[in-house]
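All heavy atoms count here, side chains included; hydrogens, waters and symmetry mates do not.
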Amino acid sequence: MTYAKNANKTYIFPPEPGSPEAALHKPFSWLVPELQHDPDAQFSSVTKNFSFGIRNCLRMIHATDLASGVYADPAHPPLLSTDVREELMLFSIDAADELGEKAARDIERRNEKYLKERR
């Protein structure tokens, strides 16, 4: 990596891409290599990632609510602070919005393709 500094900022320039086989870190994908550039498969992959993220955030919020509710033990603080709980809730809302927008774009693309093929 190359670094360059000026008065206020440090710029980081990544190394030139090399052979993926040479890298220790292999990018993760739910998809087999043949489907990595297929829009339908990518949509499913993003949907799976977002749904897992939303689920995990909401599970942590739920656990915090349970811990701070009727069964709360004053000797043990809740899993999440109020601020972190709020951030996770907002992330869940944003992720759900993005998922909906992505689905809407996918539906529009599919509909346009279908209508063109019918003509």
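- For the pair Pro39/Arg109, a side-chain contact is recorded, criterion being any heavy-atom separation below 4.5 Å from C-beta on.
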Can Val46 and Asn49 be said to form a side chain to side chain contact (heavy atoms under 4.5 Å, CB included), step by step?
CA-CA 5 Å; Val46 167; Asn49 287 335; 5.6 Å; no
Just do the side chain to side chain contact (heavy atoms under 4.5 Å, CB included) check on Leu58 and Leu88 with the steps written out, would you?
CA-CA 8 Å; Leu58 294 175; Leu88 290 173; over 6 Å; no
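- If you chain together hydrophobic residues whose side chains sit under 4.5 Å apart, Leu80 and Met89 fall into the same group.
- Using a 4.0 Å cut-off between charged nitrogen and carboxylate oxygen, Asp97 and Lys102 do not count as a salt-bridge pair.
- To the nearest 0.5 Å, atoms CZ (Arg85) and CG (Asp83) are separated by 11.5 Å.
- Here the side chain of Ser45 pairs no donor or acceptor atom with the backbone of Trp30 at under 3.5 angstrom.
- With rounding to the nearest 0.5 Å, the separation of CZ in Arg55 from OG in Ser51 is 7.0 Å.
- Arg105 has a carboxylate O that lies under 4.0 Å from a charged side-chain N of Glu98, or vice versa, which qualifies the two as a salt bridge.
- Taking all atoms of both residues into account, the shortest heavy-atom contact from Asp40 to Asp106 is OD1-OD1, 3.9 Å.
- Follow the hydrophobic side-chain contacts under 4.5 Å out from Phe28 and you reach Phe52 in the same cluster.
- Side-chain atoms of Val84 and Met60, non-hydrogen and from C-beta on, never get closer than 4.5 Å to each other.
- The two residues Ile54 and Ala96 have their closest heavy-atom pair at CD1-N, 3.8 Å.
- A donor-acceptor distance shorter than 3.5 angstrom exists from the side chain of Gln36 to the backbone of Leu31, with no hydrogens or angles considered.
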Audit row: Asp38, Leu35, side chain to side chain contact (heavy atoms under 4.5 Å, CB included) steps and yes/no
CA-CA 5 Å; Asp38 178 271; Leu35 291 177; 4.2 Å; yes
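- Proximity of Arg118 to Tyr114: side-chain heavy atoms (C-beta onward) are separated by under 4.5 Å at one or more points.
- Nearest heavy-atom pair, Phe50 versus Ala95, reported as atom, atom and distance to 0.1 Å: CD1-O, 3.9 Å.
- Nearest heavy-atom pair across Phe91 and Cys57 is CD2-SG, 3.4 Å.
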